[in-house]
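As the structure is a prediction and not an experimental result, all values here were calculated from the model.
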Amino acid sequence: MHGRYEAADAIVRQLEANGSEYDEVAARSDESAVDVTSMSARERRNHSLGICLLVAVVAVAATNVCSYAFTSWVPTILVKRGINLSSSLWTSTLMMCGAPVGCLIGSILLDHIGRKKVIVPAFGLTAVFGLAYAAQATTVGAIICGFLLTMCLYVLMASVVAVYAPELFATKVRFRCVGFANAVAKLLNVLMPMIVGWMLVAIGTNSVFVAISIVAVIAMLVTGIFGVETSRRSIG
């Protein structure tokens with residue numbers, strides 16, 4: 001746009017050659033370069049394609065399932081707790097104000113502290129606020145816990161679905177692997193109305209939030225133990 005064609009071409013050529021990583025490795029001594037290569041091989045063994053796919057499927061599915069189970073069913077759950085429909089819609093609307101806040105927090109923190117350091121605590125807080133919401137007996141308490149729960153869910157939406165899952169895979173398999181993870185998540189979302197509907201009738205409203213917390217804890221453990229930190233790493 002500014003007519004700096006030679007500078008732009010040099011930058012693009014460097015990106016195509018992954019030049020920043022190459023320069024960093026080339027600048028080191030031969031001994032250090034061997035150590036880096038050995039470390040990369042060890043990381044590749046520990047984080048194989050299968051493990052990365054497991055992490056992506058669990059993280060994306062948990063994010064979608066928890067978000068759907070809460071945001072889509074909150075008005076119904078509030079009505080079953082004795083709040084009239086008009087009030088339940090206003091209450092759920094206030095809770096959903098946490099969505100843009102969560103997306104903003106996720107987008108800010110991801111590049112500053114790393115992917116896993118955002119995602120793992122967000123799953124943990126989702127579990128905590130899910131149980132806290134189930135324990136609320138007042139509308140004000142439900143709004144506050146619901147807002148915080150929604151905020152955590154959308155931190156995960158911004159972090160897991162949009163950023164972390166694609167970064168787990170090399171370019172040549174990224175589309176297929178992320179597509180598979182999203183397909184599993186969408187399949188579970190198709191089943192969720194039947195599952196949540198049955199839980200509300202057979203077990204009670206609190207069971208939905210207990211289930212959200214259990215799913216979030218499982219995703220937190222899988223991501224924390226098996227997930228690789230992708231921040232500032234080559235995704236080639």
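- Sorted by first and then second residue, the side chain to side chain donor-acceptor pair (under 3.5 Å) pairs involving residues 116-128 (not counting sequence neighbours) form an empty list.
- Among all heavy-atom pairs drawn from Ile119 and Ser159, the shortest one is CG1-CB, 3.8 Å.
- Taken together through direct or relayed side-chain contacts under 4.5 Å among Ile, Leu, Val, Met, Phe, Trp and Tyr, Leu125 and Ile218 form part of one hydrophobic cluster.
- By the 4.5 Å heavy-atom criterion applied to side chains, Val101 and Phe147 are counted as neighbours.
- The OG1 atom of Thr93 sits 10.0 Å away from atom CD1 of Ile143, with the distance rounded to the nearest 0.5 Å.
- One finds the CE atom of Met157 at 7.5 Å from the CG atom of Leu153 (value rounded to the nearest 0.5 Å).
- Across all non-hydrogen atoms, the minimal contact from Cys66 to Ala216 is SG-N, 4.3 Å.
- Here the straight-line distance linking atom OG1 of Thr223 with atom CG of Leu156 works out to 9.0 Å at 0.5 Å rounding.
- Between Ser213 atom OG and Phe129 atom CZ the span is 11.0 Å, to the nearest 0.5 Å.
- Linking Ile, Leu, Val, Met, Phe, Trp and Tyr residues whenever their side-chain heavy atoms come within less than 4.5 Å leaves Tyr133 and Val128 in two separate clusters.
- The closest donor-acceptor contact from the side chain of Ser107 to the backbone of Leu104 lies under 3.5 Å.
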Could you go through the side chain to side chain contact (heavy atoms under 4.5 Å, CB included) check for Cys177 and Leu49 one step at a time?
CA-CA 9 Å; Cys177 291; Leu49 178 60; 3.8 Å; yes

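- No path of Ile, Leu, Val, Met, Phe, Trp and Tyr side chains, each step under 4.5 Å between heavy atoms, connects Val155 with Val215, placing them in separate hydrophobic clusters.
- Tyr164 and Ile108 sit in two unconnected hydrophobic clusters of ILVMFWY residues. Membership requires side-chain heavy atoms under 4.5 Å apart, directly or through other members.
- Thr150 approaches Gly98 most closely through the heavy-atom pair CG2-C, 4.0 Å.
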Side chain to side chain contact (heavy atoms under 4.5 Å, CB included) evaluation trace for Asn64 with Val161
CA-CA 9 Å; Asn64 277 274; Val161 179; 4.0 Å; yes

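- Across Ala181 and Val60, no two heavy atoms sit closer than the pair O-CG1, 4.1 Å.
- No more than 12 heavy atoms of other residues, nucleotides or ligands shown are found within 6.0 angstrom of CZ on Phe180.
- Put simply, CE on Met220 and CD1 on Ile225 are 9.0 Å apart, with the number rounded to the nearest 0.5 Å.
- The aromatic rings of Phe209 and Phe70 stand perpendicular to each other, their planes meeting at an angle above 60°, with 30° marking the opposite boundary.
- Residues Pro100 and Tyr154 are not in side-chain contact: their nearest non-hydrogen atoms beyond the backbone lie 4.5 Å or more apart.
- Put simply, the side chain of Met199 reaches to within 4.5 Å of the side chain of Ile195, judged on heavy atoms.
- For Arg115 (side chain) and Leu110 (main-chain N/O), a donor-acceptor pair under 3.5 Å exists by modelled atom type.
- Using a 4.5 Å heavy-atom cutoff, the side chains of Tyr68 and Lys186 are not in contact.
- Considering all non-hydrogen atoms of both residues, Phe169 and Ala56 come closest at CZ-CB, 3.7 Å.
- When all heavy atoms of Cys152 and Ala122 are compared, the pair lying nearest together is CB-O, 4.1 Å.
- Leu221 and Ile214 fall within the same hydrophobic cluster, defined by Ile, Leu, Val, Met, Phe, Trp and Tyr side-chain heavy atoms under 4.5 Å apart, directly or through other members.
- Distance check: Asn189 CG to Asn182 CG gives 10.0 Å after rounding to the nearest 0.5 Å.
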